[in-house]
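Accompanying notes for the structure given below.
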Amino acid sequence: MSLEDLSQAIIVGNRQKAIDLTEKALADGTPPPEVIYRGLVPGMDVVGEKFRNNEYYIPNVLVSARAMSASMELLKPLLVSSGMKYVGKAVIGTVEGDLHDIGKNLVRMMLQGGGFDVLDLGVDVSPDKFVQSVKEFKPELIAMSALLTTTMPGMKKVIEKLNDEGIRGTVKVMIGGAPITQRFADQIGADAFASDASSAVLRAKELLGVSS
Amino acid sequence: MNHRERWVNCLHFQPVDRIPDEEFGYWDETIVAWHDQGLPKTVRNNPEADIFFGFAERRWAPVNFDLAPGFETKVVEEDDRHQIIIDGNGVKCMIFKYGSQLTSIPHFIDHTLKDRASWEEFKRRLDPETPGRFPSNWTEITKQWENRTYPLGIHVGSLWGRIRDWMGLEGAAICTVEEPDLMEDMVEHLCNLIMRVLEKVVVGVQYDFADFWEDMAFNGGPLISPASFERILVPRYKRITDFLKQHGVDIVYVDCDGDINQLAPLWIQAGVRGMFPIERASHSDPYRLRDKFGKDVILLGGVDKVALIAGKAEIRKELSYLKPLADQGGYIPHVDHRVPPDVTYENYLYYLDYKRDLFGIPRPPAHSEAINS
């Protein structure tokens with residue numbers, strides 16, 4: 001058994017095999033960060049690439065992400081004591097007035113699969129809640145989602161609130177969702193726009209200066 | 001030329017005096033917002049708005065291809081902003097109690113349809129023989145359609161979109177990948193339901209069109225892989241569209257949404273030639289579809305709603321861009337989804353006037369007369 005096999009289980013979305021191989025790797029004494037960085041992350045990298053190339057579609061990504069999440073559940077309790085270093089910390093949420101979360105959840109899973117420690121604030125998240133999470137969780141990245149043209153302005157409010165609180169410089173802001181464009185991101189002063197879950201991971205790593 | 005003749009001719013690429021005067025509709029919150037901007041408060045919903053704005057009428061036969069009965073809707077819990085409900089699909093979800101997003105897609109929490117065991121329960125609600133799938137005075141109703149001047153359609157439901165509603169996107173996705181036999185069984189059951197009911201309601205009626213609802217694509221592409229679509233859905237669509245064609249219905253379109261570039265060729269292969277509403281912001285472009293598929297595709301929508309938000313110059317630019325395509329036939333331009341509330345009432349009225357003038361559509365009687373008549 002190798003961590004390449006775990007990567008392969010993630011790529012094909014075999015949840016049970018991902019669980020079995022993760023348990024086996026841990027039983028063999030493989031450090032949890034190594035399971036993540038040599039097993040899960042390369043697997044999700046391939047999933048992201050296949051999605052970008054239209055070899056994979058939403059169902060494939062969801063199945064792979066589910067396999068990855070099952071493996072992560074086994075690893076999470078061991079990460080603190082293992083000295084795990086994530087590639088970055090991110091807060092994610094759907095902005096106030098908007099209950100949509102399919103795209104947001106995909107981005108969350110892809111970020112986790114990319115080695116990020118992600119705090120998911122859920123849906124209908126107020127600017128205050130985003131700002132509070134920056135103060136408490138201290139992420140390097142905020143990722144915001146909106147599906148509706150009417151809730152897009154909520155993204156600007158979050159950025160304004162970060163400015164008002166004097167913490168805008170501590171965190172990069174990435175936005176996405178059906179009506180969002182690069183032009184809108186530029187208008188509201190976001191640092192990046194991502195058109196889909198896969199490119200969100202690439203943008204996030206670029207923003208944080210992390211090599212893919 | 002009456003509206004029926006105009007609509008049918010237009011979508012058959014035949015000569016028309018002008019394009020049909022149709023629009024998709026509005027979010028409920030748009031109508032609420034427009035009440036403060038001049039829309040009479042007597043206009044409370046989409047059907048009333050259609051009359052008020054003077055659009056040409058289409059009608060659908062009252063046939064139910066869906067859950068019968070649906071699940072009992074009930075509120076499970078609530079706070080000051082939200083309610084958690086069980087909806088008519090058996091889905092536990094969170095909705096806003098009030099405010100600007102009343103008709104938005106809810107936040108889904110749990111689904112009743114999860115696996116083969118729960119599907120067996122579901123099937124009881126999808127029995128083609130359940131009384132009430134069409135009214136008991138059916139013959140009497142069909143007589144009213146004999147000399148109609150409006151297009152009459154039949155909404156034949158869905159082969160995948162409703163399964164996605166009942167299972168959730170993640171549930172349907174996982175089922176497609178891990179239990180393809182179950183997914184195929186469910187689609188087959190829906191296909192059989194549609195066929196069995198159709199067999200009864202095509203007798204003695206000449207429909208002008210049929211439509212599916214799938215909402216199967218998002219702005220990044222399809223929600224199901226083209227390979228799964230081709231294997232599971234194409235043969236079932238084809239059974240239905242072949243049957244419809246045998247009964248004189250060759251205009252069949254799908255409410256698809258989103259980026260349909262990868263699915264459009266498969267739908268056309270399956271006999272579903274109409275794409276509605278062509279969503280510009282989702283990279284679906286009516287010119288590109290026409291270039292690729294010629295007269296094999298018929299198009300509805302394609303007016304970028306963002307232009308209506310942007311203002312009058314953008315509205316003029318957008319409609320002028322689409323006019324040459326509409327002049328070729330096989331295309332009814334209208335806003336590419338429901339009009340969102342950030343379109344002002346003033347911009348919408350300007351859009352309607354400009355569109356009607358540009359396309360030679362007579363402006364309807366004054367709005368106040370329309371609503372009172």
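Here is the naming used below: chain letters follow the sequence lines, and residue numbers restart at 1 for every chain. Hydrogens, waters and symmetry mates play no part in the numbers below; they use all other heavy atoms, side chains included.
Looking only at heavy-atom pairs under 4.5 Å with chain B, the residue among A/Asn60, A/Asn105, A/Asp124 that has the most is A/Asp124. Interface summary for chain B: among A/Phe51, A/Tyr57, A/Tyr56, the most heavy-atom pairs under 4.5 angstrom belong to A/Tyr57. Among the candidates B/Val306, B/Thr176, B/Leu223, the residue making the largest number of heavy-atom pairs closer than 4.5 Å to chain A is B/Leu223. Put simply, of B/Cys175, B/Gly258, B/Pro222, the one with the most heavy-atom pairs under 4.5 Å next to chain A is B/Pro222. Per-residue heavy-atom pair counts under 4.5 Å with chain A were compared for B/Pro340, B/Gly220, B/Ser225, and the maximum is reached by B/Ser225. Put simply, of B/Lys305, B/Met94, B/Glu279, B/His82, the one with the most heavy-atom pairs under 4.5 Å next to chain A is B/His82. With respect to chain A, the highest number of heavy-atom pairs below 4.5 Å among B/Pro226, B/Ala172, B/Ala281 belongs to B/Pro226. Taking chain A as the reference chain and counting heavy-atom pairs below 4.5 Å, the highest number among B/Glu170, B/His107, B/Glu178 is found for B/His107.
Environment of NZ in A/Lys89: crowded, with over 12 heavy atoms of neighbouring residues, nucleotides or ligands closer than 6.0 Å. The environment of A/Gln182 atom CD is dense: over 12 non-hydrogen atoms of other residues, nucleotides or ligands sit within 6.0 angstrom. Under a cut-off of 6.0 angstrom, the local environment of NZ in A/Lys135 is crowded, with over 12 non-hydrogen atoms contributed by other residues, nucleotides or ligands. Other residues, nucleotides and ligands place no more than 12 heavy atoms under 6.0 Å from the NZ atom of B/Lys92. Residue-environment remark: CD (A/Gln187) exceeds the threshold of 12 foreign heavy atoms within 6.0 Å.
Here the SG atom belonging to B/Cys93 is positioned 9.5 Å from the CG atom belonging to A/Leu99, to the nearest 0.5 angstrom. How far CG of B/Asn261 is from CG of A/Asn54: 10.5 Å, rounded to the nearest 0.5 Å. Here the CZ-CD1 distance, from B/Phe218 to A/Ile58, works out to 3.5 Å after rounding to the nearest 0.5 Å. Taking CZ of B/Arg81 as the reference point, atom OG of A/Ser126 lies at 8.5 Å (rounded to 0.5 Å).
Shortest non-hydrogen contact noted between B/Ala173 and A/Pro59 is CB-CA, 3.4 Å. Contact record, B/Asn219 with A/Ala178: ND2-CA, 3.3 Å, taken as the closest heavy-atom pair.
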Verdict with reasoning, B/Asp342 to A/Leu148, per side chain to side chain contact (heavy atoms under 4.5 Å, CB included): CA-CA 10 Å; B/Asp342 38 0; A/Leu148 306 167; over 6 Å; no
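Contact of the A/Leu62 side chain with the B/Leu169 side chain is registered, since non-hydrogen atoms from C-beta on lie closer than 4.5 Å.
Contacts of A/Asp196 with chain B are absent, with no heavy-atom separation under 4.5 Å from either backbone or side chain.
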